[in-house]
2 protein chains.
Amino acid sequence: MAKSKLPRMSPAETEILQLLWQLGEATVQQTCDRLPRRRKIAYATVQTLLRRLENKGYITHRTEGKAHVFLPVAKREDVIKRSVSDFVNRLFGGDPIPLMHYLAEHGKISADDIEELKRLVGK
Amino acid sequence: MAKSKLPRMSPAETEILQLLWQLGEATVQQTCDRLPRRRKIAYATVQTLLRRLENKGYITHRTEGKAHVFLPVAKREDVIKRSVSDFVNRLFGGDPIPLMHYLAEHGKISADDIEELKRLVGK
DNA sequence: CAGTATATCGTACAGTTGTACAAGATGCCA
DNA sequence: TGGCATCTTGTACAACTGTACGATATACTG
């Protein structure tokens, strides 16, 4: 089955989809509840974002009672691939090393984490 | 001197600013020339992007002959901090580890690179 | 100096994004 | 069954983005 090219996802939409991946599935309400406290955003807005994500083909929903339960349909791995690659291209001209460096220096990364990376690379 | 909060920068603008950092300074033409071959984008568009970057306070220019020579004024480190942190928040809920994993697995990272990271973290 | 190539400036414009209200539908409790 | 609490749907709308044309200004070249 072809990973048919999904239309671009906006930052706010990305944020919501990321929550959905974390929750597995969720209603509008549940999604709102999991938003970081900082992020003050109206119920109706989350709803719009979910609606758009569905139109774009990233998620779907089933109806349960009177509410919709949304769930991801796009593969996380695929979306991450596209997003990261796009991000690295724009901000680092395509070279991921500086990003790794930045993360290592400011990203609360432990030595153990690095060991784990070594294992991944070695493979 | 306060790093006064610059207005958000769009992806396309980010791309251009990244080029400017790479070149040090550049005219519209030179910027166009350094765009990846894939990225087909009109001279006038690059010009608009530079104009907007300047209005937003990320770059400035001096006039040389009849052309403008643009140069960054925002600190690369600061912009990267904001962008990366924003990106990680949206796509990974704030946890940078999965991003590192992804890069290690798909980012053409060598074992040597990892050693370098270890050094950075160890510090 | 006149023409040509090259720049900038002003402007445009459709599509996307972020944000959200109002109205109508629906399920549940007393 | 009537009403309250919830939901969804339709719609809105200003700001931002990506993209770019046309007019005008400016420097070099013969």
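Given the structure is predicted, the values throughout are model-derived calculations rather than measurements. Letters A, B, ... mirror the listed sequences (proteins, then strands); counts begin at 1.
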Mind checking side chain to side chain donor-acceptor pair (under 3.5 Å) for A:H101 and listing every partner two or more places apart, or none if nothing turns up? none

Show me the donor-acceptor pairs, under 3.5 Å and distance only, between side chains in residues 87-96 of chain B and residues at least two apart or in other chains.
from: B:N89; atom 1: ND2; to: B:S85; atom 2: O; distance (Å): 3.2
from: B:R90; atom 1: NE; to: B:D86; atom 2: OD2; distance (Å): 3.2
from: B:R90; atom 1: NH1; to: A:E15; atom 2: OE1; distance (Å): 3.2
from: B:D95; atom 1: OD1; to: B:I97; atom 2: N; distance (Å): 3.1

Report the distance from atom CG of B:L17 to atom C1' of D:dT17, rounded to the nearest whole Å. 17 Å

What residues from residues 27-48 of chain B pass a heavy-atom cutoff of under 4.0 Å to DNA chain C? B:V28, B:Q29, B:Y43, B:Q47

Selection residues 51-60 of chain B - residue pairs positive for side chain to side chain donor-acceptor pair (under 3.5 Å), sequence neighbours left out: B:E13-B:K56, B:E54-B:H61, B:Y58-B:R82

Of all nucleotides in DNA chain C that come within under 4.0 Å of a heavy atom of chain A, which is furthest toward the 5' end and which toward the 3' end? C:dT17 to C:dG27

Heavy-atom closest pair (B:T63 atom, B:G65 atom, distance to 0.1 Å) is CG2-O, 3.5 Å

Can you sort out the partners of B:V69 under side-chain contact (heavy atoms from CB on, under 4.5 Å), two or more places apart, ordered by chain and number? B:E25, B:T27, B:R62, B:E64

Atom-pair distance (CG on B:L50; C1' on D:dT19), nearest Å: 14 Å

ring-ring contact (aromatic ring centres under 6.0 Å, His included) pairs touching residues 12-53 of chain B, sequence neighbours excluded, are none

Please list residues of residues 55-67 of chain B whose heavy atoms come under 4.0 Å from any atom in DNA chain C, ordered by number; otherwise none. B:K66, B:A67

By side chain to side chain donor-acceptor pair (under 3.5 Å) - contacts of A:S110 (at least two apart): A:D113

Listed by chain and number, what are the salt bridge (Lys or Arg N to Asp or Glu O under 4.0 Å) partners of A:E77, not counting sequence neighbours? none

How would you list, by chain and number, every residue that makes a side-chain contact (heavy atoms from CB on, under 4.5 Å) with A:I41, sequence neighbours excluded? A:L35, A:R39, A:T45, A:V46, A:L49

What's the CZ-P distance between B:R8 and D:dA15, to the nearest Å? 18 Å

Sorted by chain and residue number, the side-chain contact (heavy atoms from CB on, under 4.5 Å) partners of B:K66 (sequence neighbours excluded) come out as none

Atom CZ of A:R52 and atom P of D:dG10 are separated, to the nearest Å, by 14 Å

